[in-house]
Amino acid sequence: PGCDINLNSPNKGLGVDRSDNLSDVPVEGAVGNSANPLPPGLTEEEAEELHTELTKVEEEINTLRQVLSAKERHATELKRKLGLSPLNELKQNLTKSWQDVQTSNAYKKTQETLSQAGQKTSAALTTVGTAISRRLGDMRNSATFKSFEDKMGNLKYKVVGPRGNGDAVSSPTDTTPTQENPPF
């Protein structure tokens, strides 16, 4: 941390002792290994060059991993100092993504189509509601309904009697509290 890292050199800035040369370490499948003979058309010298190059590339990959890890730690520390939490970042990413979706042509076309469908559905429901209201009005004026209404009126008269025009019907078991018989 705090030192410059030269990405062109796998050995600079990491504080890693590279004095032990990895080319001295036996590699599985290396030249001279009797278990894996040389591929056809490849000389021992070419195989040795390829193994040396492979070793260098693997060292560079490890160096880049270490550099990336250091950069990620540094970025995390900067975010912490700025007060940016992973939750805030997620919120910002979601907000930006939602804005991107809303400005996309697919979203606009879908929104327009759904709006038109909603308007058509609303118009259709209004038409159905009007038709139902009209049918109920027709039904109320029908002879069958009038006959039913008359029968219900007669039944009410028989049950409630002539004072059924808004007067409360009292039960024979109701007792009216008097001064002699207080309710409490």
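Count residues from 1 along the sequence. These values consider heavy atoms only, across backbone and side chains, with no hydrogens, waters or symmetry-generated copies.
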Contact check, side chains of Leu42 and Leu50, non-hydrogen atoms, under 4.5 Å: yes
Side chain to side chain contact (heavy atoms under 4.5 Å, CB included) between Thr76 and Arg80, intermediate numbers included: CA-CA 6 Å; Thr76 301; Arg80 186 189 61 75; 5.7 Å; no
Contacts of type ring pair (Phe, Tyr, Trp, His ring centres under 6.0 Å), residue Tyr107, not counting sequence neighbours: Trp98
Leu68/Leu64 under side chain to side chain contact (heavy atoms under 4.5 Å, CB included): CA gap, chis, key distance, verdict: CA-CA 6 Å; Leu68 178 61; Leu64 291 173; over 6 Å; no
Common cluster, Ile132/Met139, ILVMFWY with side-chain heavy-atom separation under 4.5 Å: yes
Donor-acceptor contact present, side-chain Ser147 to main-chain Ala143, <3.5 Å: no
Pair Arg73, Ser69: side-chain N/O donor-acceptor within cut-off below 3.5 Å: yes
Any pair counted as salt bridge (Lys or Arg N to Asp or Glu O under 4.0 Å), so long as it reaches residues 100-117, sequence neighbours left out: Lys96-Asp100
Min side-chain heavy-atom separation Gln102-Gln111 under 4.5 Å: no
Reported CG-to-NZ distance for the pair Leu78 and Lys71, which is rounded to 0.5 angstrom: 10.5 Å
Common cluster, Leu136/Leu125, ILVMFWY with side-chain heavy-atom separation under 4.5 Å: no
From OG1 (Thr55) to CD (Glu60), nearest 0.5 Å: 11.0 Å
Partners meeting side-chain contact (heavy atoms from CB on, under 4.5 Å) with Thr43 (sequence neighbours left out): Glu45, Glu46
Sidechain-backbone polar pair: Ser122 side chain, Gln119 backbone, donor-acceptor under 3.5 Å: no
Nearest non-hydrogen partners of Gly83 and Asn88, listed with the distance: O-ND2, 3.7 Å
Gap between atom CD of Gln92 and atom CG of Leu87 - 0.5 Å precision: 10.0 Å
Glu53 side, atom CD; Lys56 side, atom NZ - distance, nearest 0.5 Å: 8.0 Å
OG on Ser104 to CD on Gln99, rounded to 0.5 Å: 12.5 Å
